[in-house]
Protein chains: 2
Amino acid sequence: MDNQQKDTEIKILDAAKEVFQQKGMTGARMQEIADKAGINKSLLHYYYRSKEKLFEKVFNMAVSIFIPKMLEIMLSEKPLFEKLEFFINNYIDLLTKHPYIPGFVINELNRNPQFLLNIFEKNVQIKEKKLFERVDVQIQEEVKKGILNPIDTRHLITNVIALVVFPMVARPIIQGVMFENDKKQYDSFLKERKAFVLSFVINSIKV
Amino acid sequence: MDNQQKDTEIKILDAAKEVFQQKGMTGARMQEIADKAGINKSLLHYYYRSKEKLFEKVFNMAVSIFIPKMLEIMLSEKPLFEKLEFFINNYIDLLTKHPYIPGFVINELNRNPQFLLNIFEKNVQIKEKKLFERVDVQIQEEVKKGILNPIDTRHLITNVIALVVFPMVARPIIQGVMFENDKKQYDSFLKERKAFVLSFVINSIKV
DNA sequence: ATTTGGTTTAACCATTTGGTCAAATTTAAA
DNA sequence: TTTAAATTTGACCAAATGGTTAAACCAAAT
C-alpha cells in the first residue's frame with residue numbers, strides 16, 4: 001500500500017530527526033536511526049541512498065520550519081513595533097516547540113558553514129536582499145518620522161534574533177547556573193521573555 | 001629532555017584543540033590530531049589514554065579561558081554600567097580571539113548537557129550562587145536608588161550574554177545573509193558592537 | 001660503558017560503521 | 001491466477017577507527 005510506504009518514510013524521518021538533532025551528523029548512527037524507526041538498516045538505504053542524503057533532508061526540514069513565518073512577518077505591512085511583537089512571540093513559541101533545532105543548526109554551522117547558506121538561499125531565493133532592504137527602508141523611515149532613534153538595522157536585527165534564540169541554544173547552562181536546573185522554572189522564564197524582550201528592545205530604540 | 005616533552009604535549013593540545021573545535025567530539029579523528037601534531041597515533045594514546053580524556057582536557061581549557069575574566073568583572077566593586085562596559089568590551093575581544101569556542105561548547109551541550117555544568121561548577125565552585133546573588137543585590141540596589149528601572153536580573157544577564165555571544169555563534173549565517181559573506185565587514189561589525197550593545201542595554205534599563 | 005627511566009614508533013587488533021546484494025515477501029496489475 | 005514491480009530483510013563486506021603491545025630509541029645517572 002501507498003499508506004505503508006508513507007508510514008515507513010515518516011517513521012524514518014521522525015527517527016532520523018531525533019537522532020541527528022541530538023547527536024549531530026557525525027555522532028548519529030544509521031543503525032540507531034533504523035532501530036528507532038523499527039526497520040532494517042538496508043531499508044534505510046533503500047529510501048535514502050546515503051547518510052548524507054538523509055541528513056540533508058532532515059536539515060532542510062528543520063530549517064524550513066522557521067523560514068516561512070519569518071518571511072510572512074518581515075514582508076507584512078505592519079509598523080515596526082508590531083512586527084517586533086509578532087516576531088518575538090511567534091519565534092519563542094516556535095522554538096519552544098522545536099527546542100533542539102537551533103543547537104542542531106549551529107552544530108552543523110561549524111562543520112560546514114556553506115551548507116546552511118545554500119539551503120537558506122534556496123528557501124529565501126532572490127528575496128533575500130530585498131528582504132533586508134525592505135526592513136531597512138522601513139526602519140529608516142520610522143527614524144525620520146521621529147518614532148525611532150537613529151539605529152543600524154543590521155545591529156537591531158542581530159540583537160532581536162540573539163535575544164530570542166540564544167536562551168534556547170544555551171538552555172543547559174543558563175538553566176543549570178541560574179535556575180538550579182529546574183525545567184519548569186526555565187519554561188516560565190522563557191514565557192516571561194516574550195514580554196520582557198519586546199519591552200527591552202522597544203525601550204532601547206524608541207525616542 | 002623536559003623541553004621536548006613539553007613541546008610534544010603542547011603540539012598535541014594545539015592540534016587537538018583545532019580538530020575538536022572544528023569537528024566536535026564525534027567528528028574528530030585521533031589520526032588527524034596525530035598528523036596535525038606531527039606525531040604517531042600511539043604517542044597520542046601515550047599522553048592521553050583515550051579520546052575522551054583528551055577531549056575533556058581540551059574542553060576544560062576552552063571553558064577556563066572565559067571564566068576568570070567573568071569572575072573578576074562580576075566580583076569587582078564598580079557600578080553596574082561600568083561592569084557592563086567591561087564585560088561587553090572584554091568578552092567581544094576574547095571571543096574575537098577564540099571564535100570557535102562558543103560553537104564548540106554549544107555543540108557538546110547538546111550531546112551531554114551535564115558535562116559542561118560539572119566543569120562550570122568545578123571552576124566557579126561554591127561562588128556560583130553568591131555570584132548571582134551579588135549581582136542581583138547590586139542591581140536591585142541601583143533600582144532603589146533610582147538609577148535603573150525595575151528589572152529582573154536573570155533576564156538582564158541572559159540578554160547581555162546573548163547579545164555578546166550569539167553573533168559569534170551564528171556568524172556564518174549572519175555574515176552570509178547580511179554581509180554578502182564578507183569577513184572584513186563582519187569583523188568591523190563585531191567591533192562596532194562593543195559600543196552598540198552597551199548603549200542598547202543601557203538605553204533599555206536606565207531610568 | 002651500562003643501566004634505567006621515560007619517550008616514540010611500527011605493526012597489529014577488535015569493533016564499529018556506512019553501505020551492498022541477492023533472495024524473500026508483499027502489493028498491484030493483467 | 002499469474003506476473004511484474006516495488007518493498008523488506010538477513011547476510012555480508014571493505015574501510016575506518018580507537019586502542020594495544022612489544023620493541024626500539026634516547027637522555028641522564030651510576
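Labels below follow one simple rule: chain letters A, B, ... track the order of the sequence lines, proteins then strands, and each chain is numbered from 1. Note that the structure is a prediction, hence the values are computed from the model and not measured.
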Expressed in angstrom and rounded to an integer, what is the separation of K51(A) atom NZ from dG18(C) atom P? 4 Å
From the options dT9(D), dT20(C), dT9(C), select the nucleotide whose nearest atom is closest to the side chain of H45(A). dT20(C)
For dG19(C), does OP1 or OP2 lie under 4.0 Å from any side-chain N or O of S42(A)? no
Taking atom P of dC12(D) as reference, at what distance in whole Å does atom CG of N40(A) sit? 14 Å
Is there a donor-acceptor contact under 3.5 Å from the side chain of E142(A) to the main chain of L80(A)? yes
Any R29(B) side-chain N or O less than 4.0 Å from OP1/OP2 of dA16(D): no
Verify the ring-centre separation between F200(A) and H155(B): is it less than 6.0 angstrom? no
Centroid-centroid under 6.0 Å between F104(B) and F20(B) rings: no
Between dT17(C) (P) and D35(A) (CG): distance, integer Å: 11 Å
What is the distance from CG of L44(B) to P of dT20(D), rounded to the nearest Å? 12 Å
Starting from P on dT8(D), measure out to CD1 on I39(A) and report it in whole angstrom. 8 Å
Looking at Y47(A), does any N or O in its side chain come under 4.0 Å of the phosphate oxygens OP1/OP2 on dT8(D)? yes
So for K41(A) and dG18(C), does any side-chain atom that can act as donor or acceptor lie under 3.5 Å from a complementary atom in the base? yes
Kindly say if Y46(B) contacts the phosphate of dT8(C), meaning a side-chain N or O under 4.0 Å from OP1 or OP2. no
Check whether more than 12 heavy atoms from other residues, nucleotides or ligands sit under 6.0 Å from atom CZ of F81(A), and answer yes or no. yes
